[in-house]
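Counting convention: from 1, in listed order, for ligands and their atoms alike.
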Amino acid sequence: MYDLIIIGGGPAGLTAGLYTARARLKVVLLEMLAPGGQVLTTDWVENYPGFPDGVSGFELMDKMKTQAEKFGLTIKNEEVTRLDLSGENKVVTTNKGTIETKAVLLTCGATWKKLGIDGEALLAGKGVSYCATCDGPFYTDQKVAVIGGGDTAVEEALFLTRFASHIYVVHRRDQLRAIKLLQERAMAAEKIEFLWDTVPLKIIGNDGVEGIELKNVKTGEIVQRDVQGVFIFIGTQPNTDIVKGQVDLDENGFIITNHHMETSLAGVFAAGDVRAKLFRQIATAVGEGAAASYSIERYLENLE
Ligand code: NAP
């Protein structure tokens, strides 16, 4: 019987792992991929405090993992397939077996949203990508399109200027959602061309991306652009299928908590990008992981 099972090894999960292992709880963190979460797909992080020159997403997450393990956190590479959360003891089933715990912390994060247009699924991994850091170098001296106008789209478009010859940033409005600093950098980048008020209709190609069909939502004009890659960054959706019907979710499927990171079920907590909230930053995920740890310790003390 564990005190705590943490599900998901991004910044929130690893921080909670560090705090609770250091507090000598019997805790295990389950992660189906490599610990690090979505930050692993970020080339360079320059707004996480303590790194005045910036740090690579990989290095930052590797340091968080090492620090948590130093205090005794066990990290297991297992996929959670079923959760029974309603009883006082929670039952967690993974691809490797069943474990019981007094408390569960859901830090299962979010995954990239899909556009749902023709060609997207067919060409995924063959020119359609959701990770510029992973796939950018494949597009050296080629033309690519980036879809979206948020921090991720603009940051990744800037990253792609290292490789691609030309980058169309396709945004459905005439103003970016990204912070001003990123906007300024992108506007100054010679290789970046903004296509405002424009939505993608279709990604063209059979064995690889050959082009993209776009529609101007103001004029109705439909045009085609020759590109070899399409990078889609239109936000994220929460990884909450496994808890649907067990804890309260908002209309977009994110887990509702109070400011102690408590969900609607006693003994079940949530932190990081999977939570219903306004800001999704590494720093906020870390803060929530720490806050959840204190709530969990208090919850366990009251059980005794
Ligand atoms: P986001 O902020 O939700 O932005 C999504 C973008 O995609 C928006 O510009 C949106 O357009 C557009 N979009 C959404 N659905 C679309 C559709 N179906 N078709 C076309 N365009 C669509 O997502 P994000 O950029 O991934 O950022 C997620 C969170 O992570 C944010 O809180 C962000 O601040 C944070 N983040 C921070 C950093 C950093 O601090 N360095 C880096 C990356 C992400 P509209 O603008 O019209 O809604």
S.K.: To which protein heavy atom is atom 7 (O) of ligand 1 closest, and what is the distance rounded to 0.1 Å?
M.R.: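 For this ligand atom, the closest protein heavy atom is I234 CA, 3.3 Å.
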S.K.: Is it true that R177 and D151 make a salt bridge, defined as a side-chain N closer than 4.0 Å to a carboxylate O?
M.R.: no
S.K.: So which protein heavy atom does atom 17 (C) of ligand 1 come closest to, and at what separation?
M.R.: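 The closest heavy atom on the protein side is R172 NH1, 3.6 Å.
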S.K.: Check this for me: does any side-chain nitrogen of one of E59 and K65 sit under 4.0 Å from a carboxylate oxygen of the other?
M.R.: no
S.K.: Take atom NZ of K70 as the centre, draw a 6.0 Å sphere, and report whether it contains more than 12 heavy atoms from other residues, nucleotides or ligands.
M.R.: no
S.K.: Could you establish whether N47 and ligand 1 come within less than 4.0 Å of each other, counting only heavy atoms on the residue side?
M.R.: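 Under 4.0 Å: yes for N47.
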S.K.: Distance under 4.0 Å to a non-hydrogen atom of H171: what atoms of ligand 1 satisfy this?
M.R.: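 What qualifies from ligand 1 is 9 (O), 11 (O), 45 (P), 46 (O), 47 (O).
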S.K.: Give me the nearest non-hydrogen protein atom to atom 33 (C) of ligand 1 as residue plus atom name, then the distance to 0.1 Å.
M.R.: D151 OD2, 3.4 Å
S.K.: Using the six-membered ring of Y130, assess whether NZ or CZ of K113 lies under 6.0 Å from its centre and within 45 degrees of the ring axis.
M.R.: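 No - K113 does not lie over the ring of Y130 by the 6.0 Å and 45° rule.
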S.K.: Where's the contact between L176 and ligand 1, heavy-atom distance under 4.0 Å: side chain, backbone, both or neither?
M.R.: neither
S.K.: Using a strict threshold of under 4.0 Å (side-chain N to carboxylate O), is an ion pair present between K102 and E88?
M.R.: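 Salt bridge flag = no for K102 with E88.
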S.K.: At under 4.0 Å between heavy atoms, is it the side chain or the backbone of K113 that contacts ligand 1, or both, or neither?
M.R.: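 Answer for K113: neither.
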S.K.: Do me a favour and list the nearest non-hydrogen protein atom to atom 47 (O) of ligand 1 with residue, atom name and distance?
M.R.: R173 NE, 2.7 Å
S.K.: Checking the N or O distance criterion of under 3.5 Å, is ligand 1 in contact with G150?
M.R.: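 For ligand 1, there is an N or O atom that lies under 3.5 Å from one belonging to G150.
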S.K.: Nearest protein heavy-atom contact for atom 3 (O) of ligand 1: which residue, which atom, what distance?
M.R.: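 Of every protein heavy atom, G235 CA, 4.0 Å lies nearest to atom 3 (O) of ligand 1.
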S.K.: Between D135 and S129, is any side-chain donor less than 3.5 angstrom from a side-chain acceptor?
M.R.: yes
S.K.: Which atoms from ligand 1 have a heavy atom of F233 less than 4.0 Å away?
M.R.: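 So the atoms of ligand 1 that pass are 7 (O).
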S.K.: For Y19, is the OH atom crowded, meaning more than 12 foreign heavy atoms sit under 6.0 Å from it?
M.R.: no
S.K.: Determine whether any heavy atom of L115 lies closer than 4.0 Å to an atom of ligand 1.
M.R.: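 Yes, L115 has heavy atoms under 4.0 Å from ligand 1.
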S.K.: Can you tell me which residue and heavy atom of the protein come closest to atom 9 (O) of ligand 1, and the distance to 0.1 Å?
M.R.: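 Atom 9 (O) of ligand 1 sits closest to the protein heavy atom G149 N, 3.0 Å.
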S.K.: Taking the six-membered ring for Trp, are F138 and F163 ring centroids under 6.0 Å apart?
M.R.: no
S.K.: Between R177 and ligand 1, which part of the residue brings a heavy atom under 4.0 Å of the ligand: side chain, backbone, both or neither?
M.R.: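 It is the side chain that touches ligand 1; the backbone stays farther off.
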S.K.: Specify the protein heavy atom at minimum distance from atom 26 (O) of ligand 1: its residue, its atom name, and the distance to 0.1 Å.
M.R.: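 Protein heavy atom at minimum distance: T152 OG1, 2.7 Å.
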S.K.: Quick one: does T236 get an N or O within less than 3.5 Å of an N or O on ligand 1?
M.R.: no
S.K.: Please work out, at 4.0 Å between heavy atoms, whether the side chain, the backbone, both, or neither of E46 comes within that distance of ligand 1.
M.R.: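 Neither; no heavy atom under 4.0 Å.
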S.K.: Ligand 1 and Q281, any nitrogen or oxygen pair closer than 3.5 angstrom?
M.R.: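 There is such a contact, yes.
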S.K.: For the residue pair T111 / N239, report whether a side-chain donor-acceptor contact shorter than 3.5 Å exists.
M.R.: yes
S.K.: Is D3 reaching over with its side chain to a backbone N or O of L300, donor-acceptor style, under 3.5 angstrom?
M.R.: no
S.K.: Can you tell me the protein heavy atom closest to atom 32 (O) of ligand 1 and the distance?
M.R.: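 For atom 32 (O) of ligand 1, the nearest protein heavy atom comes out as R280 N, 3.5 Å.
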S.K.: State, with a plain yes or no, whether a side-chain heavy atom of T284 is found less than 4.5 Å away from one of K277.
M.R.: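 Contact flag for T284/K277 side chains = yes.
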S.K.: Should the pair D273-R275 be classified as a salt bridge under the 4.0 Å nitrogen-to-oxygen rule?
M.R.: no
